[in-house]
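Within every chain, numbering begins at 1; the chains are lettered A, B, ... in the order of the sequence lines, protein sequences first and strands thereafter. All figures in this text were calculated on a predicted structure; none of them were measured in a lab.
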There are 2 protein chains.
Amino acid sequence: MKDVAQLAGVSVKTVSRVVNGEAGASVEVRERVLRAAERLDYRHNLGASTLRRKDSRSGIVGALLQDVGNSFSAGLLRALEDSLREAGLSVLAASLDEEPERERGIVADLVARRADGLVLMPASRRHEYLVSEQRAGLPLVFVDRRPHGLDCDSVTVDNVLGATRATAHLIEGGHRRVAMLSDLEEIETAQERIAGYRAALAAAGLELDPSLLVPSVRGEEDASRVVAKLLALPDPPTAFVTGRNTLTIGAVRALRSAGLSHQIALVGFDDFPTADLVEPALTVIRQDVQRIGAEVGRLLLDRLDGAAGPPKHLVLEPSLVRRGSGEITAPGRPRTAARSD
Amino acid sequence: MKDVAQLAGVSVKTVSRVVNGEAGASVEVRERVLRAAERLDYRHNLGASTLRRKDSRSGIVGALLQDVGNSFSAGLLRALEDSLREAGLSVLAASLDEEPERERGIVADLVARRADGLVLMPASRRHEYLVSEQRAGLPLVFVDRRPHGLDCDSVTVDNVLGATRATAHLIEGGHRRVAMLSDLEEIETAQERIAGYRAALAAAGLELDPSLLVPSVRGEEDASRVVAKLLALPDPPTAFVTGRNTLTIGAVRALRSAGLSHQIALVGFDDFPTADLVEPALTVIRQDVQRIGAEVGRLLLDRLDGAAGPPKHLVLEPSLVRRGSGEITAPGRPRTAARSD
DNA sequence: TTGAAAGCGTTACCAA
DNA sequence: TTGGTAACGCTTTCAA
């Protein structure tokens with residue numbers, strides 16, 4: 001910048017003005033400065049700028065997601081990016097893979113970077129460690145999972161409701177033996193979905209068979225194994241609820257290799273891009289990823305605009321998308337009969 | 001930092017040493033400094049650090065992809081993140097949506113941020129504008145698309161080969177009327193895939209029917225429309241090649257609503273997570289996204305380690321994954337007959 | 001409209 | 001093992 005000033009025959013301050021598009025520089029001087037900058041391959045240094053600026057915004061927002069390669073996280077990231085772009089914010093994305101220590105490390109890094117805000121789909125269960133950052137003015141928005149030991153903005157989905165709807169829908173189809181596969185037990189959303197499953201059974205007056213409730217299923221392959229095992233029971237389930245997209249996919253594979261995908265009902269949590277192309281098309285509980293991402297962005301931008309007030313907790317309703325797999329009725333129990341049950 | 005130094009009763013430099021884990025600070029002093037930092041909620045400022053450091057690394061790598069919400073970009077991003085994490089680099093991800101101006105803007109931003117390197121799946125066709133950055137020492141790695149007017153590292157896939165294989169595979173299945181749906185014409189990979197399609201037809205001695213080659217198909221819905229239109233031709237195609245994952249999905253929808261998904265063959269470019277669950281399971285040309293992302297990361301890290309030498313251009317071979325949709329034979333032409341054709 | 005000087009938080013360099 | 005001082009590239013403040 002000094003060099004540019006020298007070449008243009010002006011002061012450093014003037015160059016700064018031109019570079020930042022501030023008023024107070026004659027057209028002639030501006031021209032001269034820009035030409036000099038061009039000639040010298042000058043590049044503005046945002047780091048130095050941020051350092052000195054009064055309102056020191058780094059223009060970076062950290063997005064700590066479970067796995068940016070998974071369609072849920074990826075869709076969220078995309079929606080978030082879109083809503084932050086217009087405000088001139090860039091997104092630094094990271095995958096946590098359910099590892100709390102990684103979360104801590106990345107948060108520390110982003111704090112050191114002076115990120116303007118953090119979006120967190122946490123891997124950790126307790127979040128007291130963020131209180132000091134929040135007090136220091138760092139806007140925090142939790143997504144998909146609620147904060148614990150910390151009160152900050154959040155956007156979540158009513159998981160209990162979603163799982164209840166999924167399970168009830170199957171019960172309406174005449175099913176009495178509905179199995180549930182759920183994600184790692186430590187994850188709160190998984191617990192909530194299990195709660196929804198239990199609630200729906202109870203509401204229908206069905207007793208829970210513990211052998212049909214399998215928590216801590218780890219991924220596609222594990223889901224396939226579990227489903228195969230359940231199908232081999234003496235009194236196997238006639239319907240499945242799966243607690244997350246990868247588990248749904250694993251379940252479909254297992255049903256298919258057992259040749260039962262048209263006999264056994266399935267409702268999956270999380271929609272995904274080709275769920276309607278699977279045979280039978282998959283009935284799912286859909287979370288509106290676009291909407292969630294947009295709301296997260298809006299909350300963050302509001303805080304950056306100085307919005308005070310207590311943390312907001314948005315809870316969106318997931319919806320049941322009927323496509324076929326969830327409408328398979330129980331053997332000997334046509335749907336209509338079941339309805340008047 | 002000054003405050004910490006004061007509270008700990010040491011000099012600023014000493015605090016700096018402790019914070020950076022440098023040698024030359026007694027255990028006792030270190031303890032004292034850390035306690036003071038804790039008490040004052042001190043947070044290291046990476047921006048200021050980067051500014052002053054000799055080897056001024058920002059620790060940020062920019063990843064400019066087409067759409068971080070699409071499974072191809074998302075998978076790439078994830079693989080890249082993994083390979084850069086161990087080197088302590090964070091990824092700033094952005095979606096370009098085939099908009100060259102957005103690319104320019106984001107590159108400018110990342111340059112101003114002093115990113116340590118850039119990974120580019122460009123939306124623009126000419127890349128001279130990056131030459132000065134490269135000369136200034138910024139490591140550049142292109143992915144999926146080659147640089148033009150700029151010579152830098154790249155990792156691409158042999159698109160001609162992939163499309164040739166797809167088309168030849170269908171021809172081997174006895175098909176004589178093979179249609180091709182391709183992405184926006186400006187995109188080089190789309191051109192290459194068309195070239196592969198032409199080459200395979202030529203090699204089989206088949207004449208290209210211009211009405212069966214549809215370039216610039218825009219997305220899922222557009223692909224569905226195009227397929228429906230082609231099926232309504234007097235002499236419709238008996239097989240399709242689609243030039244990218246979203247087009248494949250659109251094609252499947254159209255075939256399905258025409259009730260022809262088991263009569264008409266289809267080979268899609270790009271694999272995606274549930275391609276094996278679609279009915280019939282989709283035969284695809286797979287690009288190994290994991291591998292591509294890892295190679296990109298390695299190239300970048302090599303350059304950051306000071307690797308000189310001419311740019312490297314990695315060209316990976318895509319592979320044909322047979323799953324069913326591509327093995328549907330032409331009416332009246334069983335596969336074996338076709339083979340001996 | 002322009003400029004000089006101070007300072008943002010940190011590290012480099014050299015001296016103690 | 002420690003500290004003082006300059007400097008990184010920029011913006012702020014105030015004066016011209």
Side-chain angles (χ1 to χ4, degrees), chain A residues 1-34 36-37 40-60 88 108-116 136-138, chain B residues 1-34 36-37 40-60 88 108-116 136-138:
Chain A
M1 192 147 162
K2 217 167 44 191
D3 301 340
V4 174
Q6 191 160 23
L7 181 60
V10 296
S11 76
V12 181
K13 174 59 207 172
T14 302
V15 177
S16 170
R17 275 198 268 264
V18 172
V19 166
N20 288 303
E22 283 172 29
S26 67
V27 182
E28 193 250 335
V29 167
R30 159 166 286 113
E31 274 301 314
R32 204 142 35 94
V33 169
L34 290 177
L40 296 178
D41 260 0
Y42 167 75
R43 297 288 180 274
H44 191 62
N45 186 326
L46 220 52
S49 166
T50 299
L51 186 58
R52 191 61 179 87
R53 255 183 207 311
K54 200 66 190 180
D55 138 26
S56 78
R57 290 269 173 93
S58 64
I60 289 185
D109 180 77
L110 285 163
V111 167
R113 288 217 139 77
R114 298 296 185 265
D116 294 339
L138 180 66
Chain B
M1 191 147 160
K2 217 167 43 191
D3 301 339
V4 174
Q6 191 160 23
L7 181 59
V10 297
S11 77
V12 182
K13 175 61 207 174
T14 301
V15 176
S16 171
R17 285 199 184 93
V18 172
V19 167
N20 288 302
E22 283 174 29
S26 66
V27 183
E28 194 249 335
V29 167
R30 160 166 285 113
E31 274 301 314
R32 203 142 36 96
V33 169
L34 290 177
L40 296 177
D41 261 358
Y42 166 77
R43 297 288 180 270
H44 191 62
N45 186 325
L46 222 50
S49 166
T50 299
L51 186 56
R52 193 56 181 90
R53 255 185 174 36
K54 200 66 189 181
D55 131 19
S56 78
R57 290 270 173 92
S58 65
I60 288 185
D109 179 77
L110 285 163
V111 167
R113 288 217 139 78
R114 298 296 186 266
D116 293 339
L138 180 66

Any base atoms under 4.0 Å from R114(B), or only sugar-phosphate, or nothing? Heavy atoms, all strands.
nothing

Show, in sequence, the C-alpha distance, side-chain angles and deciding distance for H44(A) and N20(A), and conclude whether the side-chain contact (heavy atoms from CB on, under 4.5 Å) test is met.
CA-CA 9 Å; H44(A) 191 62; N20(A) 288 303; 4.0 Å; yes

Hey, does I60(A) have a side-chain heavy atom less than 4.5 Å from the side chain of I60(B)?
yes

Starting at CG of L34(B), measure out to OH of Y42(B) and round the result to the nearest 0.5 Å.
11.0 Å

Heteroatom pairs (N/O) under 3.5 angstrom, protein to nucleotides 2-6 of chain C:
residue, atom, partner, partner atom, Å
dT2(C), OP1, S26(A), OG, 3.2
dT2(C), OP2, S26(A), N, 2.7
dG3(C), OP2, S11(A), N, 2.8
dG3(C), OP2, S11(A), OG, 3.1
dG3(C), OP2, T14(A), OG1, 2.5
dG3(C), N7, R17(A), NH2, 3.0

Between CD of E22(A) and P of dT1(C) the distance, given in whole Å, is 12 Å

Measure the distance from CG on L51(A) to P on dT12(D) and round it to the nearest whole Å.
12 Å

What is the distance from CG of D55(B) to P of dT10(C), rounded to the nearest Å?
18 Å

side-chain contact (heavy atoms from CB on, under 4.5 Å) between V29(A) and R17(A), intermediate numbers included
CA-CA 11 Å; V29(A) 167; R17(A) 275 198 268 264; over 6 Å; no

Below 4.0 Å: OP1/OP2 of dC8(C) and any side-chain N or O of N45(B)
no

Nucleotide nearest H44(B) when distance is taken to its side chain, options dT11(C), dT11(D), dG9(C)
dT11(C)

Rounded to 10°, the helix from dT1(C)-dA16(D) to dA16(C)-dT1(D) deviates from straight, judged by its five-pair end axes, by 30°

Expected list for residues 2-13 of chain B: side-chain donor-acceptor pairs under 3.5 angstrom, two or more places apart:
residue, atom, partner, partner atom, Å
S11(B), OG, K13(B), N, 3.4
S11(B), OG, T14(B), N, 3.3
S11(B), OG, T14(B), OG1, 3.1

Just the rounded figure in Å: distance from C1' of dC13(C) to CZ of R53(B).
15 Å

Answer yes or no: is there a donor N or O on one side and an acceptor on the other, between the side chain of T50(A) and the main chain of L46(A), under 3.5 Å?
yes

Nearest-angstrom distance from the residue atom CD of Q6(B) to P of dT2(D)
18 Å

Spacing of K54(B) atom NZ relative to dA7(D) atom P, expressed in whole Å:
12 Å

How long is the span from the OG atom in S49(A) to the CG atom in L51(B), to the nearest 0.5 Å?
11.0 Å

Separation of dC10(D) C1' from L46(A) CG (nearest whole Å):
11 Å

Within this structure, what is the CG-to-P distance between D3(A) and dC8(D), rounded to whole angstrom?
11 Å

Quick one: CG on L40(B) to CE on M1(B), what's the gap to the nearest 0.5 Å?
13.0 Å

